[in-house]
Each structure stands twice: as C-alpha cells, then as structure tokens.
Amino acid sequence: MDLFELLSDHFLNLPRPNAELGVPAGIVDTTTLAAHDFDVDTRTGFMPPQPPLTRLPEQWESWERALDDARAQKLQLGGKPGVSEEEKNSVGLMAGPYPGVSTSELNQSELMLRRAHHVLTWIMHFYIHSVPPSSSAEIRIPAPITIPLLQICAQLQLPPVVTYSDDVLYNWALKSPPSEPTDTAPQLAPALDNLRSLTLFTGTKDEEEFYLTSARMELRGVEALELMRATMDELFVGDAIAYRRTTRYLHALARVIDDLTVLLLSVRDGCRPDVFYNDIRPWFRGADSSSERRKWVFEGLEEHPELAAPTELSGTSAAQSSLVHALDIFLGVDEYSHSNSLTGDYAPRPTASSSASASASGSDRPKISFLTRMQAYMPRHHRNFLRHLSADPRPVRDTVMEGKDAELMDAYNAAVTSLKLFRDAHIRIVALYIIGPSRKIGGEPVGANEAEKKALLKGTGGTDLVKFLKGVRDRTAEAVIENEN
Ligand code: HEM
C-alpha cells in the first residue's frame with residue numbers, strides 16, 4: 001500500500017459532515033484542520049493561518065472569469081450620476097455562460113467553498129449595484145448564480161451576500177513571501193504591513209485600506225484571545241494567585257483593546273471619507289440597507305425545493321467581526337451591548353411567492369439584537385466559538401462581581417473602559433466617513449428626499465446607525481462595576 005494513502009476509516013478521510021445534521025457524536029469535525037479548535041488559530045486568530053485560495057480549479061473557471069471581467073470592466077454604481085450606460089452594463093455578468101457547473105466537488109474542501117462563496121457573492125453584488133436603481137422595483141438574480149450560491153451557502157451555513165469573511169478574513173494575500181519556517185524560527189503570523197487584498201469593487205487603495213484595517217485588527221486581536229484563554233484557565237483554579245494573574249491579564253487586555261483603537265483610527269491614513277462614502281460603501285449594501293429598497297429575487301428556487309430561500313440579506317459590516325463579539329462576551333458586556341433593545345432594523349424575509357423574493361419589511365418578526373443577528377454572517381466555527389465562550393461556567397464578570405478583590409475589579413473596569421473608548425473612536429470614524437459626507441451637497445449618490453436621506457444614514461448592516469452605535473457604546477459604559485467600598 002502507498003504509505004501516503006489514508007485508510008478509509010482514517011479521520012482525515014471522513015466525509016464532510018452533513019450541513020444540516022452537523023457532526024455525529026463521537027466524530028471529529030475535520031472540515032478544516034482547526035475545526036476542533038473552532039478554526040481559531042493561535043497565530044492568526046479568526047484569520048486563517050495560510051493565505052486564502054486565490055482561484056478555484058479549472059472546473060469553476062467560468063465563475064473566476066466572470067469576476068475577472070467585472071473587475072476589468074471597472075463597473076460603476078448604477079445610481080451614480082454621470083455614468084454611461086456602457087459602464088453600468090453588467091447584465092452579461094449574470095447571463096453566464098456558466099454551463100452546468102456543479103458544486104458537489106467543492107464540498108470536499110472548506111477552502112474551495114470559501115473561495116466559491118467569495119467569487120459568487122462578489123459577482124452578485126457587482127451586478128445588483130451596477131444596475132440603475134430606477135430600472136425596476138426588484139432585482140432578479142438569475143438561476144445560474146443563485147442555485148450554486150445557495151448550495152454553497154447551505155454547506156457553509158452562511159447567507160448569500162458578501163460578508164466580512166469574504167472581504168476581510170478570506171480576502172488577503174502576502175505582499176512578499178515569508179521566510180521558510182525552521183525548527184528554531186517557526187512560522188509566525190503575517191506582519192501587519194505585509195498584507196494586500198485580493199478582490200476589490202473599486203480597485204482603489206482606499207478600499208484596500210478599509211479591508212486591511214480590519215485584517216490588522218484581527219491579527220492584533222490574537223493576543224486578546226490568548227489572554228482570554230489564560231484568564232479562563234486561572235479562574236478555573238480560582239485561588240489568590242489566580243486572581244493576581246487574572247488582574248495582570250485584564251490590564252494587558254485593556255492595552256490590546258487600546259491598540260485596536262489606534263489601528264481603527266489609522267484607517268484615516270489610507271482611506272478618504274468621500275471616496276469611501278460615495279464610491280466604496282454602496283457596493284456593500286444588502287437588501288435591507290439600500291436607499292431604494294429593491295427586492296432581491298433569487299430565481300430558480302422553484303426547481304430546487306431542497307434549497308431554503310434566503311432570510312438574511314444584510315450588507316457586509318465589521319459588526320460581523322467575531323473578535324469584537326468575543327471581547328463583549330468574555331467581559332460579560334454582551335448582556336448590555338447585545339440587548340434586544342438594540343435591534344437595528346429587521347432582516348428582510350422571503351415572501352411566499354414561488355421565486356424567493358426578499359422583501360424589506362419584517363417588523364412582525366421577533367426582536368433579536370442586531371449584534372446577535374450578525375453572528376449568522378460569521379463562519380460557523382467562529383459562531384460556535386462564541387457560543388462556547390458564552391457557556392463559560394466561570395465568567396470573569398461574575399468573579400469580579402463577588403467583590404472580593406479590588407485590584408481585580410479595577411483591572412476588569414480598565415478593560416471595559418478600553419472597550420467603551422474603542423466604541424467612542426468608532427463613532428468618530430462613522431461621523432467622519434458616513435455622517436459628514438452624507439451632509440455634503442452633491443455628495444449623495446442618489447436623490448435627496450427625506451426618506452432617501454434617512455436610508456443613507458443606515459449602516460450597511462441596516463441599522464439606524466447613530467442611534468444604534470451610541471446605544472451600544474452607552475450600554476458598554478454601563479457594564480463598568482461600581483466599587484462599593
Ligand atoms: C471607515 C471605517 C468604518 C465605518 C464607516 C464603520 C461603520 C459602521 C457602521 C455604520 C456600523 C453600524 C452597523 C451596520 O449597520 O453596519 C458599524 C458597526 C460596527 N463596526 Fe464599524 N465601521 C468602520 C470600521 C470598523 C472597523 C475597522 C471595525 C473593526 C473590526 C469595526 C467594527 C464594528 C463593530 C464591532 C460594529 C458593531 C457595533 C459595535 O460593536 O460597537 N468597524 N460600523
């Protein structure tokens with residue numbers, strides 16, 4: 001037998017778990033090498049340790065070529081004034097040809113599925129947002145795109161829209177190759193200045209900087225994840241030494257969050273607010289955040305009863321970053337920041353029509369906080385990681401609340417205060433990048449009646465952004481524990 005041939009019952013040879021049923025008890029989830037560890041890498045955190053795939057194999061070349069074409073054509077936003085019909089014309093993108101492309105072989109590899117989600121959702125956003133908004137009340141997405149996309153989404157358990165994982169987590173390459181790892185110098189995380197983005201809507205440096213700001217924050221956040229793990233180990237022991245160490249870890253965590261704030265603010269160095277607002281951001285919009293509120297109609301579903309009609313179609317937002325959610329959950333701030341009163345808008349829901357169309361109304365749906373809803377847009381292993389973190393039987397906040405250790409409480413409050421300061425800085429960024437440009441005369445991509453203006457001040461995730469972001473920031477501040485001594 002070939003030494004490299006795996007036995008049929010070898011764990012690496014196990015079939016991919018059924019997306020709906022999950023992993024059977026006693027079976028290891030091998031969909032990614034780190035799946036048993038929630039796909040959280042000790043060097044790169046929520047980013048993959050290796051650069052993502054840059055191209056699918058030959059069988060799916062027609063998709064890759066369509067994406068190449070969309071980028072090469074420099075498609076323009078359909079609502080942008082002064083753009084020629086030719087520049088808006090993206091109908092060819094949807095027409096294919098995508099002859100009989102099957103997705104089943106993609107299921108062998110999580111990396112290929114990720115790339116396929118990236119390619120198809122990117123093509124779809126290119127199409128949707130380059131069709132002039134006035135042309136119809138709905139936008140029909142043809143079956144050659146919707147069917148494979150929904151099949152891939154079922155495997156990945158992700159919605160059929162560009163998500164943070166498509167534009168940040170799995171959208172990077174190294175600028176220059178790292179040195180080969182050796183026994184004495186193991187492979188390290190990529191240097192923060194050695195990253196470039198793979199796919200861009202606008203081809204601008206500004207857009208790349210926008211994505212890379214988040215990517216750098218993810219990499220800086222690795223230390224935060226390590227500090228969380230170390231704290232949880234200490235609190236398991238729970239003696240005086242453990243409290244002292246935890247105090248140190250929480251101060252260190254506050255410093256990491258301060259660094260995240262610095263990195264966040266550094267987006268101003270490479271991404272111009274007007275370019276972001278007018279040229280970049282409209283490409284991210286989902287069905288619930290576009291000013292014209294066009295229905296997205298996924299054609300071809302009537303012939304595929306096995307596929308679920310999409311219910312989540314919010315635009316991509318860094319609110320889908322698992323890192324910030326992890327900080328909230330670990331510090332017990334999520335009880336405040338993920339409160340059901342901070343809902344944002346409701347997700348669009350499919351209508352009962354035979355073709356699944358996503359309408360913009362959903363106010364009869366039960367309230368769920370916006371941040372909790374955003375977890376549906378995260379890679380499923382990361383979602384599970386957050387669930388696991390939430391189930392920690394000895395949460396740090398409970399220990400601090402017992403009030404036995406004043407220094408521990410100070411350290412905890414320092415970390416929560418840093419998170420509040422992070423959110424203050426984020427609100428400043430939103431004022432600079434969204435609120436400011438939206439007020440400039442002529443700075444709006446589509447007309448300017450009151451309803452449209454209101455829609456323009458929605459986050460790409462569909463929130464009433466000022467109210468929502470201030471709410472989350474204020475609720476974070478409320479998580480500081482008063483020292484009653
Ligand atoms: C130009 C830069 C940025 C702008 C204009 C911006 C804008 C927004 C907006 C409008 C929201 C409201 C939610 C929505 O509807 O989408 C939001 C939420 C959020 N953004 Fe950003 N964002 C920027 C950069 C970042 C970066 C780099 C991060 C870090 C990963 C980040 C993390 C978050 C988080 C965690 C939320 C959820 C609210 C919270 O937890 O406070 N943002 N952002």
Side-chain angles (χ1 to χ4, degrees), residues 45-47 161-165 167-169 206-221 224 257 259-278 280-282 284-286 288-290 314-329 331 333-334 336-339 342-347 369-375 377-378 419-438 455-477 479:
F46 295 109
M47 301 255 282
V161 272
V162 170
T163 63
Y164 179 80
S165 57
D167 62 18
V168 175
L169 298 180
D206 305 72
E207 186 184 349
E208 183 172 42
E209 268 310 301
F210 176 71
Y211 302 143
L212 293 182
T213 300
S214 293
R216 292 182 196 117
M217 290 169 66
E218 294 291 339
L219 292 176
R220 181 66 190 97
I257 299 172
D259 284 354
L260 295 179
T261 305
V262 172
L263 286 169
L264 170 68
L265 290 170
S266 74
V267 72
R268 294 170 301 184
D269 299 340
C271 180
R272 290 163 292 173
D274 285 352
V275 174
F276 174 77
Y277 184 78
N278 292 310
I280 301 171
R281 184 170 179 261
F284 302 159
R285 289 193 175 129
D288 56 357
S289 53
S290 59
S314 289
T316 175
S317 164
Q320 297 163 9
S321 157
S322 304
L323 175 64
V324 185
H325 286 241
L327 289 168
D328 268 355
I329 294 170
L331 291 170
V333 169
D334 61 317
Y336 298 81
S337 60
H338 290 223
S339 139
L342 295 169
T343 50
D345 243 15
Y346 290 90
S369 85
F370 172 74
L371 288 178
T372 304
R373 191 160 72 72
M374 284 300 104
Q375 293 179 2
Y377 295 72
M378 295 174 184
L419 195 53
K420 187 252 176 202
L421 292 174
F422 169 81
R423 290 194 155 122
D424 278 335
H426 182 260
I427 290 173
R428 292 212 300 282
I429 288 294
V430 171
L432 182 67
Y433 280 85
I434 301 178
I435 300 166
S438 78
L456 289 169
L457 277 180
K458 281 199 176 300
T460 45
T463 60
D464 173 347
L465 62 89
V466 179
K467 190 166 149 226
F468 169 70
L469 292 173
K470 287 193 171 161
V472 176
R473 188 264 322 266
D474 295 346
R475 302 301 308 264
T476 305

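Atom set for the values below is all heavy atoms of this structure, side chains included, hydrogens, waters and symmetry mates excluded. For ligands, and for the atoms within them, numbers begin at 1 and follow the listed sequence. In this text the structure is predicted, and so the values were computed from the model without any measurement.
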**OP:** Run the salt-bridge test on D424 and K420 with the 4.0 Å N-O cut-off and return the result as yes or no.
**Re:**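 Looking at D424 and K420, the cut-off is met.
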
Original post:
Are R475 and D328 close enough for a salt bridge, meaning some N to O gap below 4.0 Å?
Top reply: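 A salt bridge is absent here (no side-chain N lies under 4.0 Å from a carboxylate O).
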
Original post:
Is the F46 to Y164 ring centre distance short of 6.0 Å?
Top reply: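 Ring centroids of F46 and Y164 are no less than 6.0 Å from each other.
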
Subject >> From the candidates E218, H426, K470, H325, the one that places a heavy atom nearest atom 43 (N) of ligand 1 >> reply: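 The option holding the nearest heavy atom is H426.
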
Subject >> Nearest-option assignment for atom 10 (C) of ligand 1, heavy atoms, candidates I429, L323, I280, I434 >> reply: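 Among I429, L323, I280, I434, the closest heavy atom to atom 10 (C) of ligand 1 belongs to I434.
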
**OP:** Before signing off on this row, confirm whether S214 and ligand 1 have an N or O atom pair separated by under 3.5 Å.
**Re:**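 Not met; the criterion fails.
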
Original post:
For ligand 1, is there an N or O atom under 3.5 Å from any N or O atom of Y164?
Top reply: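 For ligand 1, there is no N or O atom that lies under 3.5 Å from one belonging to Y164.
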
Original post:
Are S266 and R216 linked by a side-chain donor-acceptor pair shorter than 3.5 Å?
Top reply: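 Result is no, nothing qualifies.
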
Original post:
Counting only heavy atoms, which portion of R281 has something under 4.0 Å from ligand 1: side chain, backbone, both, or neither?
Top reply: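 Under 4.0 Å from ligand 1, R281 contributes no heavy atoms.
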
Original post:
Between F284 and F210, what is the ring plane arrangement, given parallel below 30°, perpendicular above 60°, and tilted in between?
Top reply: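 The arrangement is parallel - the two ring planes meet at less than 30°.
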
Original post:
For the residue pair F276 and Y433, does the interplanar ring angle fall in the parallel (under 30°), tilted (30 to 60°) or perpendicular (over 60°) class?
Top reply: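 F276 vs Y433 ring planes: perpendicular.
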
For [X], atoms of ligand 1 separated by under 4.0 Å from a heavy atom:
X	result
F370	13 (C), 14 (C), 15 (O)
V324	35 (C)
F210	1 (C), 2 (C), 3 (C)
M217	27 (C), 29 (C), 30 (C)
V472	39 (C), 41 (O)
V430	6 (C), 7 (C), 8 (C)
F276	5 (C)
Y433	1 (C), 5 (C)

Original post:
Under 4.5 Å between any side-chain heavy atoms of H325 and H338, yes or no?
Top reply: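 A side-chain contact exists here, since the closest heavy-atom pair is under 4.5 Å.
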
Subject >> Whether L371 lies under 4.0 Å from ligand 1, heavy atom >> reply: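 True for this residue.
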
